Amino acid sequence: MSAYTDGDAGAEGGAGAGVPPEPVVELMVHGVGGTSPETMLEDNRTTRVTGDATANIHRRTDDLADRPWDRTGPVREAYIWCNLTSGNGARALWLLLLPFTIVNLAHWMRPAAPGPRRSHTLYDTLVRLTALSLTVLLVAGTCVVSLDLLAWQCAGSAACAERVAWIEPFGPGGGWWAQPGRRLALAALLPVALVALLWGLSHRTWSAYESASPPVRSRPDGGDRAVLSLPGFWYGRALVARLRAGHVAVALLTVAVALLAATGPHDRGERGSTPLAVSGWLLLAATAALACVVAVQQARHGRTEEEPDERPEPPVTRLLPWGAVALLALVVVHTAWSRPEWTATGRHPAGAGAFAALTVAQGALVVGIALTAFRLHRKARDADRGVLLGLGGACVAMLACGAGGVLTGGVAQRIADWLDPSSAPGEPGAAIPGPPVLLSWEASAIPVLLLLVLVLAAVALAHVRRVTRRLAPGVRDQYPEERCEPLAERSDRIASAVARASLTDHAPALVGWISGACLVLGLASVAGSATGDSPSLAAADAPAALSFAADACQTLGSWLMGIGVVLLVAMGRRAYRDKASRRTIGILWDIGTFWPRAAHPFAPPCYAERAVPDLSWRMGTWIDATGGRLIVSGHSQGSVLAAAAVWQLDAATRSRVALLTHGSPLARLYGAWFPAYFGPAALRALHHDMPRWRNLWRATDPIGGPVGGSGPGEPAVDLGPLPDPLHYGRNLHRPLPEPILGHGDYEEDPAFAEERAGLFRALVGAPLALPEQPTADPRAVARDRP
């Protein structure tokens, strides 16, 4: 239904006094999942007025000319940004890099604490080092498959090589490839190809997103501005370039270490060669030195937001990847050098110790993040404290490490089972020893973690039932104007919708329990792997019940790890072919990729670095050109983009803009998890900048909620909870039951049209300043943050 038939709006838009000579536009921004311009504008005839195939603004074909508000309403524009996240079929393949996306979120969850920046810098550095460890984990997992399982174990075992036809020519038998070093040098192509693929993806998206300089409008109003209003916030070109160079270098160094760890024990042994041993030590020292350079680079170079970061790339940053390439080439030559007496037995020499050390290092980094975050949390104002005592970022970083371990272990376990289907790898009678023992222990921990999730789900279900029973008797009383009798089933359904929506507020507890369990189980897996046996072998002499549980957990966990990887690949394959599935998967990225890539360069690109400048520049240039008034209407994630874009406007332009948000997660999700950027203080500052702001919310909405933001003596921002459904029972005008709308269709509520008309009336009566024209070089006006 059209919301522009509001009586007050019509009165304002009539031929009488009060009609402004300036044109009026409503700029609508859709939410997660995307939509079409025809749906948003309620017209099959639309025309793109600006933008490209990726993100664009449409109008109805009949509304291409600007006009003042009249009885048909303002000119409506629809900003379509869904193709930034779900338009490209290849984007679904980013699912396999989910841990990188998660750890990038941890960077932005830093508590909002004033004071010295040393703690802030330490927090950011620890998150970046955690992200670096995930790159090492991914490449190490690939090395387990290519160097250990294929080149070392299967090609070194006659039984396994004969079973896999394409490995047999590389197996034992006296041929040129019979030497393990040559097989390892050839197998190193797989992780190197993976690194090249990640570099290409990151560079391509960097060229399309971060490297495009967004226009910056002057903010002469100064003051202690919100971070999101800083001119350099949505410009991460230099940082992503530095991060990419460091991660590519450390990925290649991981391959080099895996090769050197294989040749070292032989070269330093009784049958080894002194020249090869010395050269191995020199190459290892060079690798360690280059790794230290990468670590220092990651620690010293963080984000700068006070102005667009256009610093030239340091020479060391440009040389890091090429230095790693040169060093890896030398290591490959050293590995492939002839060693006729060398044979491969057991597992790869570096497997067990490397993964254990990496797991312990990740645990230490997460604990460091937690301690730093808690210190910042204690310094923050009570109203600006985030969830989980400020430990949200640490918990999310732990989940990223856990997800990385599951993906790595799942791939390794499935490949090992495929190479040796006769028996479980590592068990008596198996053709190959299988992946590192630690991965078996981590697999055994998955059923325990799954049991915890089931318990938490049961608790959540009990909570929903309890709240439903408490709320159901009072549902009918919320509709006093209706004469129908209460219906138990109808009341229960409405109360249940409210109860389910309230689960969002309990999500921090769920994340806290799961991340804590991941940390404990990870360290327990490291301790168990120190025995050198898999869980089933370690518990073989234990009581029958314990032995059965260990064997069952190991088997079930192995399958669950593999199934998880297969499901992600299947989802990506389906999304590549099916546009509807691609849009569903795109919802995940709408939430997870709002933030710039500040911790991991191989995470999916940040669509807001394109969308926010698009919106702010459209608002500013349209007002500059017409002197008109503008209402920005944002739903769900669109409200977050709208708020971020308004933050980028100067005061004169903002005086001609009103903001209408509905189903907004600004406070409920973003304020809770990202308090430094969307906490109560930031939202109060936004309302101070934007006094003409209204927010609509429902109790049945699991995503949107009140945003607060009202200071003493200021008009309220929130209107709600709106009744949902609009009518309890049936009547002559509504003969069928009204649906429970939850998060959608806010425009169908009469309050939406009323609030929009009220915002227009407020714009008409507000004292307006003349918008300042942008300078010839808008970046020249950017100043350091006070």
Side-chain angles (χ1 to χ4, degrees), residues 99-100 103-104 106-107 110 117-141 143 191 195 198-199 202 236 238-261 281-304 311 313-328 331 350 353-372 393-394 397-398 400-401 404 597-603:
F100 300 163
V103 78
N104 193 67
H107 171 91
R110 185 183 66 229
R117 296 188 59 85
R118 287 178 297 178
S119 296
H120 298 177
T121 303
L122 177 60
Y123 179 94
D124 296 346
T125 300
L126 290 174
V127 173
R128 287 198 297 272
L129 292 177
T130 304
L132 198 67
S133 74
L134 287 174
T135 297
V136 174
L137 178 62
L138 174 68
V139 178
C143 290
V195 174
L198 293 176
W199 179 90
S202 179
L239 176 63
V240 174
R242 290 193 297 267
L243 289 175
R244 184 176 64 245
H247 281 249
V248 168
V250 82
L252 295 175
L253 294 179
T254 302
V255 182
V257 170
L259 293 174
L260 291 172
W281 278 117
L282 292 176
L283 290 171
L284 189 60
T287 302
L290 196 54
C292 291
V293 173
V294 172
V296 171
Q297 181 232 24
Q298 295 291 305
R300 293 186 59 184
H301 299 290
R303 276 179 62 89
T304 176
R311 294 173 295 177
E313 193 173 350
V316 174
T317 299
R318 292 196 303 268
L319 294 176
L320 271 178
W322 298 111
V325 168
L327 181 58
L328 178 59
V331 172
F355 277 93
L358 184 57
T359 302
V360 172
Q362 288 182 336
L365 287 170
V366 169
V367 171
I369 294 172
L371 294 175
T372 307
M398 187 68 251
C401 295
R597 292 187 279 197
H600 209 299
F602 301 153

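Note that the structure is a prediction, hence the values are computed from the model and not measured. What you see below is based on every heavy atom in this structure, not just the backbone, and it leaves out hydrogens, waters and symmetry mates. Positions are given from 1, in the same order as the sequence printed here.
Applying the side chain to side chain contact (heavy atoms under 4.5 Å, CB included) criterion to A131, with sequence neighbours excluded, gives V103, H247, A599, H600. For the side chain to side chain contact (heavy atoms under 4.5 Å, CB included) test, residues two or more places apart in sequence or in another chain that qualify with L260 are T263, L283, L284, T287, V331, H334. With sequence neighbours left out, R128 forms a salt bridge (charged side-chain N to carboxylate O under 4.0 Å, His left out) with no residue at all. Judged as a salt bridge (charged side-chain N to carboxylate O under 4.0 Å, His left out), and not counting sequence neighbours, R244 has no contacts. Under the side chain to side chain contact (heavy atoms under 4.5 Å, CB included) criterion, A291 pairs with L253, not counting sequence neighbours.
Taking all atoms of both residues into account, the shortest heavy-atom contact from V366 to C401 is CG2-SG, 4.5 Å. The two residues A249 and V294 make their nearest non-hydrogen contact at CB-CG2, 4.0 Å. Summarising the geometry of A261 relative to A350, their closest heavy-atom pair is CB-CB, 3.3 Å, with the distance given to 0.1 Å. Here the shortest heavy-atom pairing between V139 and P191 reads CG1-CB, 4.3 Å. When all heavy atoms of C143 and A258 are compared, the closest pair comes out as SG-CB, 4.2 Å. In terms of heavy-atom proximity, V195 sits nearest to A251 at CG2-CB, 3.6 Å.
Using a 4.5 Å heavy-atom threshold, the side chains of L239 and R597 count as separate. Side-chain atoms of F602 and V248, non-hydrogen and from C-beta on, do get closer than 4.5 Å to each other. The shortest distance between side-chain heavy atoms of L259 and L328 falls below 4.5 Å. In this structure, the side chains of Q297 and V316 stay at 4.5 Å or more apart for every pair of heavy atoms. When side chains are defined from C-beta on, Q298 does not count as touching V250, because their heavy atoms never get closer than 4.5 Å. Between T135 and L198, every side-chain heavy-atom pair lies at or beyond the 4.5 Å cut-off. Taking the side chain as every heavy atom from C-beta outward, S133 and L358 approach each other to under 4.5 Å.
Going from atom CZ of R110 over to atom OG1 of T121 covers 8.0 Å, rounded to the nearest 0.5 Å. Atom-to-atom distance recorded for D124:CG and I369:CD1 is 10.0 Å, nearest 0.5 angstrom. The CG atom of L122 sits 9.5 Å away from atom CG of L371, with the distance rounded to the nearest 0.5 Å.
Within the structure, no pair that satisfies the side-chain hydrogen bond (donor to acceptor under 3.5 Å, both in side chains) test touches residues 249-261, not counting sequence neighbours.
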